[in-house]
Amino acid sequence: MSAGYFSALAVVLRTNNDSPWTNEFDKIELSCLIESISTTSPRIEWKKITNEGPSYVYFHERIVGDLEHRAEIREPATLLITNATRLDTAKYRCEVTAVDDQKSFDEIVIDLVVRVKPMVPKCSVPKSVPFGKSAELSCVEEEGFPKSQYQWFKNREEVPQDSKTSFNFINSSYSLSTETGTLKFIAVRKEDAGEYFCRAKNDAGHSECPSQQMEVYDIDVVGIALGVLVVVVVLLCITVGICCAYKRGFFSSQKQTGNNYKVPAKGDGVDYVRTEDEGDFRHKSSFVI
Ligand SMILES: *[C@@H]1O[C@H](CO)[C@@H](O)[C@H](O)[C@H]1NC(C)=O
Ligand SMILES: *[C@@H]1O[C@H](CO)[C@@H](O)[C@H](O)[C@H]1NC(C)=O
């Protein structure tokens, strides 16, 4: 009798789920159930509560604001969002006013999370790394909600967090962060070369970037020494050659100048050739030095 008395005079709300979640572009129900009421047509309102404060979602028996055309009310007071967006992540308050009840007002707050599937992450894989040097592979995705976690794959096999746990990675030295998406080799080995791609994932799903090849090349000490030797020899040859050419050029222009008295008209031309020879020599000689 006393229970009936109270229920007859009080509006009491209840929800099936006070922290529902859905994926973006799916539907989601924010349940607001009336457990007891005696007023026949109570006033029902929904408000969305964000950092900027509350705003109306359902008011005067109409869906208003951002959710207009994307939501409806289901008896008695449940809010059904038919196509959730990431901006719908917020707290929502169901308020029911029942004027004929003694306790004439009740409210419940529902915390909605709209999960967003990660986009294709931006991946950066160095094309070619010298043996023994460090290398950094990065992977970034910023749309996903909750925040993306990252996995790296080499030749389609997941790179384990701890290299010791997998036979194929046991000799590699790297650090891998699932939070930042960075795979950092401390000193690359020949065996680290391969096709790499990254996966960004969260509760809503996952996306991958196309795989990219990383090559590892040797810094060949003997090869470099030989190369230096070849360059030195070539430079020596050039120097010797230029010295000979200079000597020959010098004497021949002296001879030509000596002939000037026979062909005076061509004297200017001979001078010009000589100057050019010297200019050429100066240019080459400064290059060698
Ligand atoms: C949901 O909304 C998005 C854009 O806001 C639209 O592209 C998509 O077609 C909608 N889906 C449905 C089922 O209405
Ligand atoms: C790792 O290194 C050891 C010793 O150098 C070698 O015997 C083994 O074959 C290597 N394993 C792989 C998977 O490269």
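Given the structure is predicted, the values throughout are model-derived calculations rather than measurements. Note that ligands are numbered from 1 as they come in the structure, with each ligand's atoms numbered from 1 the same way.
Inspection of the S172 and R189 side chains reveals an N or O donor paired with an N or O acceptor under 3.5 Å.
Here I73 contributes atom CD1 and I63 contributes atom CD1; the two are 4.5 Å apart, rounded to the nearest 0.5 Å.
Note: an N/O pair closer than 3.5 Å links N171 and ligand 2 by distance alone.
The shortest non-hydrogen separation linking I81 to L30 is CD1-CD1, 4.4 Å. When all heavy atoms are compared, the tightest approach of K47 to Y56 is CE-CE2, 3.5 Å.
Look at E68 and R70 and you find no salt bridge, because none of the NZ, NE, NH1 or NH2 atoms lies under 4.0 Å from a carboxylate O.
Judged as a salt bridge (charged side-chain N to carboxylate O under 4.0 Å, His left out), and not counting sequence neighbours, the contacts of R86 are E24, E143.
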Ligand 1 polar-atom proximity to protein (N/O, under 3.5 Å):
residue  : atom   : partner : partner atom : Å
ligand 1 : 2 (O)  : N83     : ND2          : 2.4
ligand 1 : 11 (N) : N83     : ND2          : 2.8
ligand 1 : 14 (O) : N83     : ND2          : 3.2

